[in-house]
Amino acid sequence: MENRSCSACLIKSKAAESLIDNELELLGQNCVEVAFERGETLFKQDALSSNIIYLQKGLVKIIMQGPQRKQILRLKKAPCYLGVPTTMGDKINHYSAVALEPTTVCFIDLGAFKSLLRLNTEFSYEIIVELCKNELEQFHRCVTLVQNQIFGRLAVNLLYMANTIYHSGEFDLPLSRNELADLICTSRETVSRMLSELDQDGIIEVNGKHIRLIDTKKLEEISKNG
DNA sequence: GCATTAACCACAG
DNA sequence: CTGTGGTTAATGC
């Protein structure tokens, strides 16, 4: 197997920035880079997991099969780590990850990852920070989903895509209406209706998957009150 | 009661 | 895969 030269990598994680030469070597010997197309599964719920995944480039959806239906837990954009909780926390994956656009990831051997956590405290620290930020985001998402009405939930997620994922008020939805419904816990019909209603009210412009935010102020209001 | 919200069903592009 | 219309159940004045 060809060794990765992680030291030369230009898209190192913040944690990996703090690794020294021989640690990067260890990482390089124990990781593999893989490219995925849109729709391909990076890892699957219920499968044995023995890798930590570093999402180098791209966008994925994290999904969990519930008792009733599929739930989209959240979208994750590179660069970030995936599967730390599900790989460290149990033998099998508790959720799946599917690419939403061409995506590049590094599969890191769990043993090597654990070694790095022990060897380099700065590395561990950065991993903990990332995990904590994730947990906070999840808590907020949870409260939004439970307490906001659907307009509010939709608005929050449109703003998230514009601000955090695409850094633009104009973007193409990476999800179908159905998936968007799975993300904000509603039905696909309701998503369709709400999008056209926001369009009619001149708050956003909808053209199939293409979205343009027009009245961001209003949308923010809806995201807080609706 | 009456209005609102949102799910479910059916059917058409 | 989407959009729309009708129906219905739950909840709140």
Side-chain angles (χ1 to χ4, degrees), chain A residues 35-47 55 57-78 82 93-105 137-226:
Chain A
F36 290 90
E37 293 302 318
R38 174 177 164 84
E40 287 190 306
T41 301
L42 279 58
F43 57 87
K44 211 169 151 48
Q45 183 170 356
D46 296 328
L55 187 61
K57 195 166 82 51
L59 182 71
V60 302
K61 59 177 175 180
I62 307 293
I63 51 188
M64 185 181 268
Q65 180 64 49
Q68 306 295 328
R69 63 183 87 256
K70 218 174 241 161
Q71 174 75 43
I72 299 188
L73 297 174
R74 63 168 310 174
L75 305 182
K76 275 296 246 170
K77 185 179 112 100
L82 293 181
N93 289 318
H94 288 213
Y95 46 82
S96 310
V98 177
L100 292 174
E101 49 184 61
T103 289
T104 312
V105 305
E137 282 176 30
Q138 287 302 130
F139 286 166
H140 282 290
R141 208 176 115 69
C142 180
V143 171
T144 297
L145 283 176
V146 171
Q147 297 190 7
N148 273 13
Q149 287 176 226
I150 296 179
F151 264 118
R153 310 211 290 264
L154 183 58
V156 167
N157 280 277
L158 289 176
L159 286 168
Y160 178 79
M161 287 178 196
N163 297 334
T164 310
I165 298 184
Y166 296 109
H167 303 293
S168 162
E170 200 170 352
F171 57 89
D172 286 321
L173 282 173
L175 304 172
S176 68
R177 302 290 193 262
N178 223 327
E179 292 173 309
L180 199 49
D182 291 338
L183 180 68
I184 65 178
C185 307
T186 182
S187 63
R188 67 159 241 290
E189 293 97 323
T190 300
V191 170
S192 278
R193 275 189 254 268
M194 308 250 129
L195 284 175
S196 6
E197 219 169 303
L198 288 174
D199 182 302
Q200 280 163 27
D201 294 348
I203 297 171
I204 65 176
E205 203 178 286
V206 185
N207 248 312
K209 289 251 163 83
H210 195 77
I211 301 284
R212 196 158 69 89
L213 305 191
I214 297 170
D215 195 340
T216 315
K217 279 257 152 42
K218 268 261 180 57
L219 204 57
E220 273 162 10
E221 237 168 76
I222 295 171
S223 75
K224 284 180 193 118
N225 309 321

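To find a chain, count down the sequence lines: A is the first, B the second, and so on, and within it residues start at 1. The analysis underlying the following values was restricted to heavy atoms, covering all of them including side chains, and did not include hydrogens, waters or symmetry mates.
Screening residues 138-151 of chain A for side-chain hydrogen bond (donor to acceptor under 3.5 Å, both in side chains) gives no qualifying pairs among residues at least two apart or on separate chains. A salt bridge (Lys or Arg N to Asp or Glu O under 4.0 Å) check over residues 193-203 of chain A, counting only residues at least two apart or in different chains, returns nothing. A side-chain hydrogen bond (donor to acceptor under 3.5 Å, both in side chains) check over residues 210-222 of chain A, counting only residues at least two apart or in different chains, returns the pairs A:Glu170-A:His210, A:Asp172-A:His210, A:Glu205-A:Arg212.
Partners of A:Asn178 under the side chain to side chain contact (heavy atoms under 4.5 Å, CB included) rule, at least two apart in sequence or in another chain, are A:Ser176, A:Arg188. Taking the salt bridge (Lys or Arg N to Asp or Glu O under 4.0 Å) definition, one finds that A:Glu137 meets it with A:Arg74, sequence neighbours left out. Residues passing the side chain to side chain contact (heavy atoms under 4.5 Å, CB included) test with A:Thr190, sequence neighbours excluded: A:Ile150, A:Thr186, A:Ser187, A:Met194. Annotation: ring-ring contact (aromatic ring centres under 6.0 Å, His included) contacts of A:Tyr160 (sequence neighbours excluded): none. Under the salt bridge (Lys or Arg N to Asp or Glu O under 4.0 Å) criterion, A:Lys61 pairs with A:Glu179, not counting sequence neighbours. Residues forming a side chain to side chain contact (heavy atoms under 4.5 Å, CB included) with A:Ala99 (at least two apart in sequence, or on another chain): A:Phe36, A:Leu42, A:Thr103.
A:Leu154 places none of its side-chain heavy atoms less than 4.5 Å from the side chain of A:Ile222.
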Just by protein heavy atoms under 4.0 Å, how would nucleotides 6-13 of chain B read 5' to 3' in B, S and -? SSBB----
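With the end axes of the helix from B:dG1-C:dC13 to B:dG13-C:dC1 each set by five pairs, the angle from one to the other reads 0° at 10° resolution.
With a cutoff of under 4.0 Å to any heavy atom of chain A, the contacted region of DNA chain C is bounded 5' to 3' by C:dT2 to C:dG6.
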